[in-house]
Amino acid sequence: MYTVLVIDDSPSMRRVIKDMINSIDEFEVIAMAVDAYDAREKIKEYEPDIVTIDINMPKMDGVTFLRNLMRLHPMPAVVISGEGVRGNDIFDDGAVGFIPKPEVGESIASFSERIKDTLLNLTFLLKRYTLKKPKALKKPKNISTQIEYKVHPDEVIPSKPAIMPGSKVIAIGSSTGGVESLLKVFKKLPSGLPPIVITQHIPYGFSNSFAHRLNDNSEVNVHEAKDGEILERGCGYLAPGNMHLTIEKVGNTYKTKLLDTKKVSQHKPSVDVLFRSINNNVGSSAMGIMMTGMGDDGSIAMKEMFDNNAYTVAQNKESCVVFGMPMKAIQAGAIKDTIHLDDIAQYIIDFSKGKRR
C-alpha cells in the first residue's frame, strides 16, 4: 500500500481527490494539506510515498513548492491542476506525473480513471522510492504492504523470432531520466532515418505533449503512436502513456498495434513488449537501444533481439540518470556495445547506413 499526501487549497477538491485515490486498492491518502507550508510539516510527519500538488495555492505557488521539494526533499510528486499549459515545465521541474483537473463537461468517473491510470503507472517507481525514503515521525495506521505480481511478456505477446530480416527499424526503451536524454539524442538526428519506435515510461496524459517536444526539437517527425499506422522513414512513434506499443508486419510494411492489456515487467507501456514485437517482425535488421531508467523492463526481450543478431546497445553508467535498465540488459548478456549518451545519435545514423561497430 502506497501512502499519499494531497495538497490543495480547495476543501472540496481535496475531498474529491482523496476519495478517488482511496478507491484504488494500492493507494491510501494518509494526510491532506491546504498550502505549501502545511505540506512541508505533513511531509516531515508522515513521509508519504507520493504527493499530489495543486499549482494555484496561497502563500507559495505549486511550481515554487515543487522546485523546493525536489531540491530539499526529493520524492515522487504528481501535479493535479487546471494549469495544463505548464505541463512540460512541471515535468522539467521534477514532477513524475501531471493530471489536468476536470474540464467543463468531463465526468467525475473520467477524472477518477485518469488519476488511477497515472498512479498505477508509477507503482514501480514508488516501490524503489519506499526502499530508501526517510522514516516518518508519525506511524501511519492501517497501511498494509502488498507484493506486486510481475507479469512476464509471454502473458501478453508470444515470442516468435523473425527468421528472415525485414527493413530496418530502430527501437528505444527508457524510463527515469529518459525525457531529457531522449531530447538530447533527437536534437542530433537528421531526417530520413529508418522508423524509430519509442517506449518511455511516462504517465498517462503526458505522452502526447512529450511527443510534441521531441518533434519540435528534431528533424525527425515524432508523434504519439496511434493504432494501425504504417511506419515510415523519417518518423518517430512514441508509445502512449497507458498502452503497449507493438508493431506487426503486413506484406512489406510495418504497422503499429496498440495493446490495452495488463502491465508487463510492471509497466504499461512496457519496453519488453515493444522489443519482443520488434524481434518477432524485424529480426536481425533491428537496432535496440536501452537508455536510462529504473528496474529491468526490456532486458528479457532485448536478450531475444541479441540472440537473433539484432544490433543492441545500452547507455553507459556515466551518462545515465539511473543505471538500472541498461545494467540489467548488460547483465542478461543482451548488449553488443555500451555507449555514452552523447554518442547514441551517431550510432543510430551509422546503423541507418549499414554500419555496426
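Quick caveat: nothing in here was measured; it's all calculated off a predicted structure.
Taking every heavy atom of both residues into account, Ile330 and Phe323 meet most closely at CD1-CZ, 3.8 Å.
In this structure, a donor-acceptor pair under 3.5 Å is present between the side chains of Asn68 and Arg71. With hydrogens and angles left out, the side-chain atoms of Thr3 and Glu28 include no donor and acceptor closer than 3.5 Å. Counting only N and O atoms by type, the side chains of Gln315 and Thr292 include no donor and acceptor under 3.5 Å apart. Between the side chains of Lys257 and Ser277, no donor-acceptor pair of N or O atoms lies under 3.5 Å. In the model, Thr338 has no side-chain atom that pairs as donor or acceptor with a side-chain atom of Asn316 under 3.5 Å.
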Could you go through Asp307 and Lys303, starting from their C-alpha distance and side-chain angles, then the distance that decides it, and tell me whether this counts as salt bridge (Lys or Arg N to Asp or Glu O under 4.0 Å)?
CA-CA 6 Å; Asp307 291 341; Lys303 180 61 164 66; 2.8 Å; yes
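Looking at Arg276 and Asp272, no side-chain N of the basic residue comes within less than 4.0 Å of a carboxylate O on the acidic one, giving no salt bridge. Between Lys116 and Glu26 there is no salt bridge, since no side-chain nitrogen of the basic residue lies less than 4.0 Å from a carboxylate oxygen of the acidic one. The residues Arg14 and Asp8 are annotated as not salt-bridged, no charged nitrogen and carboxylate oxygen being separated by less than 4.0 angstrom. Looking at Asp54 and Lys101, a side-chain N of the basic residue comes within less than 4.0 Å of a carboxylate O on the acidic one, giving a salt bridge. Under a 4.0 Å N-O distance rule, the pair Arg357/Asp350 qualifies as a salt bridge.
Exactly one of Leu238, Val222, Leu189 qualifies for a side-chain contact (heavy atoms from CB on, under 4.5 Å) with Ile196. That residue is Leu189. No option in His201, Gln200, Glu224 other than Glu224 meets the side-chain hydrogen bond (donor to acceptor under 3.5 Å, both in side chains) test with Ser207. Considering Asp117, Asp260, Asp297 as possible partners of Lys268, the one that fulfils the salt bridge (Lys or Arg N to Asp or Glu O under 4.0 Å) test is Asp260.
Connection of Met287 to Phe186 is established within a shared hydrophobic cluster, with ILVMFWY side chains joined at heavy-atom distances below 4.5 Å, either directly or through further cluster members. Put simply, Tyr347 and Ile335 are part of two different groups of oily side chains (I, L, V, M, F, W, Y) that touch within less than 4.5 Å, one to the next.
Remark: side-chain polar atoms of Asn22 are paired, donor with acceptor, to backbone N or O of Val29 under 3.5 angstrom. One N or O on the side chain of Asn280 and one on the backbone of Lys160 form a donor-acceptor pair closer than 3.5 Å. Between the side chain of Tyr254 and the main chain of Ser167, a donor-acceptor pair closer than 3.5 Å is present. Side-chain N or O atoms of Asp93 include none that pairs as donor or acceptor with a backbone N or O of Arg67 at under 3.5 Å. In terms of modelled atom types and a separation under 3.5 Å, the side chain of Asn308 and the main chain of Glu304 share no donor-acceptor contact. The backbone N or O of His267 sits nowhere less than 3.5 Å from a side-chain atom of Ser270 that would complete a donor-acceptor pair.
Considering NE2 of His223 and CD of Glu229, their distance stands at 3.5 Å, rounded to 0.5 Å.
Between Phe351 and Tyr311, the angle of the ring planes stays under 30°, which puts this pair in the parallel group of the 30/60° scheme.
Taking a 6.0 Å sphere around CD1 of Ile163, one finds it holds 12 or fewer heavy atoms contributed by other residues, nucleotides or ligands.
Looking at residues two or more places apart in sequence or on another chain, you find no side-chain hydrogen bond (donor to acceptor under 3.5 Å, both in side chains) involving Asp9.
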